[in-house]
Amino acid sequence: QGLAGLRIFLLKAGARRGFVSIRRWNSALATVGLCIAALLLSVPHKASAVTLATGITLGGGHGCAVTGEGGAKCWGWNYYGQLGVGTDTGPEICGFSGEYPIGCSTVPVAVSGLGSGVSEISSGYAGACALMNAGTVKCWGYNAGGQTGNGDDTGPEGCGEFPVPCSTTPVNVIGLTGVTDIASGWNHTCAITNTGGLKCWGASGNGQLGDGTEAERSTPVDVDMPSGVTATSIAAGAENTCAITNTEELLCWGSNRFGQLGIGTDEGPEECEQTENSCSTTPVVVPLPVGVTPKEIAMGGESSCLLTSAGSVMCWGFNSDGQLGDGTEDDSNVPVAVDLPNGVTATAISAVAYHVCVRTSTGGAECWGDNFSGQLGDGTTNDSSVPVAVNGLGAEVTAIAAGWDQSCALTSIGGVEGWGLNRNGELGTGDTQSSKTPRPVKGLTGARTLSVSVTGAGSGAVTSTPSGINCGAGH
């Protein structure tokens, strides 16, 4: 009926335009029909099967996305309930720990109770937190250090073969209102409020909560910011936190074992008793070169990176796999320039572990560092100490996320593509096949449109957006 209706429509349009050859119109319709058939085979038949994504985040072995409806969907490893679906042994099983099933999902699944009202998600190593439109925060997953922020580090559930505290569904973080931004590290989370205040909760063996102590907190505590200084942007890593301030300074705190505070030394300014590491339990200023204005921060395993307002990138700290991007594998206790290709500038940056990815001003993506599982997306498994282009992205990149051994890109059509390790479905592709180049995440494939242009007596051209369905012209 659809093709018949299109035929009638085109015939009527042709009559109005004075076209006289019905045979040529039938030929054109055959071409259009083949193209429509190809398009229908390439996307789900039901519109409800396609969910557009507006934000993405990756953790230790899982990913999450904010949907166009303001909901939350997650995929991948679920051993600690980090998918938020009410169980740690499903919805699929990707292996066993002893006789205990390792829960996972190879496709995005809806987070319980978060069908709408979500504005942002940030993933930790084995958990995640959602910023709600109302300015509150909900967290789920691993909770042995108070990571869910609900005042309880002994539950509310037990996950895994040898049960550890967790929550397999989102719980409210206590005492948070007016939140405008969140950032989760491996085992802690921080939030900026609408007054510019900064609060953190979770593990703090290296002072990464910034409250002047090494104590873990199961509810948010205030970061000891300098007087009159507020936070405008936040990032959290393995055992560190950094914030950009209203004075355009960069503050960092937490572990300094590899110089990841960026203060010119890997000794001091304190020594944390729990870990015996150099650290700072309160924010310290990171000296930046003259003329450098911080725009966005990304925190890795034991390294930090800064995107500047000019589109350049600087990194410092641990450099075991070239994750500082300066062409070496030498650690650095001061920021060093990332060797971006000539003419390339960055507009967004992400890191979680030992590789870093940026979105470029041309809508592409570049990554560097550890590539053991193909997480750089260049078609190889070779580490790179300088940025390399991600190959095969299906559309312009609007956001980028680097995870533990995987990476994802949000595209301009609302789809998500992933690459790297996929042992527990962390690419969301419907299988457990790892990939050295981008593959579409199931159910987050984005919108596709078919446009038909007929420009003469029986001639025409059919194009698809995104490109990939070639129907030719002159039929």
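- Thr136 contributes atom OG1, which lies 8.5 Å from atom CG of Leu176 (distance to the nearest 0.5 angstrom).
- How far CG of Asp370 is from OG of Ser320: 7.5 Å, rounded to the nearest 0.5 Å.
- Among residues two or more places apart in sequence or in another chain, the side-chain hydrogen bond (donor to acceptor under 3.5 Å, both in side chains) test is passed with Thr398 by none.
- Residues Ala395 and Ser412 come closest through the heavy atom pair CB-OG, 4.0 Å.
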task: Evaluate the side-chain hydrogen bond (donor to acceptor under 3.5 Å, both in side chains) criterion for residues Ser373 and Ser434: first the C-alpha distance (whole Å), next the side-chain angles of each, then the deciding distance (0.1 Å), finally the verdict.
output: CA-CA 7 Å; Ser373 300; Ser434 298; over 6 Å; no
message: Determine whether Ser303 and Leu324 satisfy the following criterion, side-chain contact (heavy atoms from CB on, under 4.5 Å), listing intermediate values before the conclusion.
response: CA-CA 8 Å; Ser303 60; Leu324 300 191; 4.0 Å; yes
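- Taking the six-membered ring where tryptophan is involved, the planes of Phe258 and Phe318 are tilted, since the angle between them lies from 30° to 60°.
- Taking both residues in full, the closest heavy atoms of Ala401 and Ser350 are given as CA-OG, 3.4 Å, listed atom of the first, atom of the second, then distance.
- Put simply, the side chain of Asn422 gets close to the backbone of Asp431: a donor and an acceptor are under 3.5 Å apart.
- A 4.5 Å side-chain heavy-atom check between Asn240 and Asn206 finds every atom pair outside the cut-off.
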Listed pairs under 3.5 Å, donor-acceptor, residues 80-91 side chains, sequence neighbours left out:
from: Gln82; atom 1: OE1; to: Tyr79; atom 2: N; distance (Å): 3.4
from: Gln82; atom 1: OE1; to: Tyr80; atom 2: N; distance (Å): 2.7
from: Gln82; atom 1: NE2; to: Trp77; atom 2: O; distance (Å): 3.3
from: Thr87; atom 1: OG1; to: Thr89; atom 2: N; distance (Å): 3.1
from: Thr87; atom 1: OG1; to: Thr89; atom 2: OG1; distance (Å): 3.1
from: Asp88; atom 1: OD1; to: Tyr100; atom 2: OH; distance (Å): 3.3
from: Asp88; atom 1: OD2; to: Tyr100; atom 2: OH; distance (Å): 2.6
from: Asp88; atom 1: OD2; to: Gly160; atom 2: N; distance (Å): 3.0

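- Judged by distance alone, with hydrogens and angles left aside, the side-chain atoms of Ser122 form a donor-acceptor pair with the main-chain N or O of Ser184 at under 3.5 Å.
- Residues Ile102 and Arg423 have side chains not in contact (no heavy-atom distance under 4.5 Å, counting atoms from C-beta outward).
- For Asp211 and Arg217, the salt-bridge test passes: some basic side-chain N is under 4.0 Å from an acidic carboxylate O.
- Under a 3.5 Å cut-off, the side chain of Asn143 and the backbone N or O of Gly155 do form a donor-acceptor pair.
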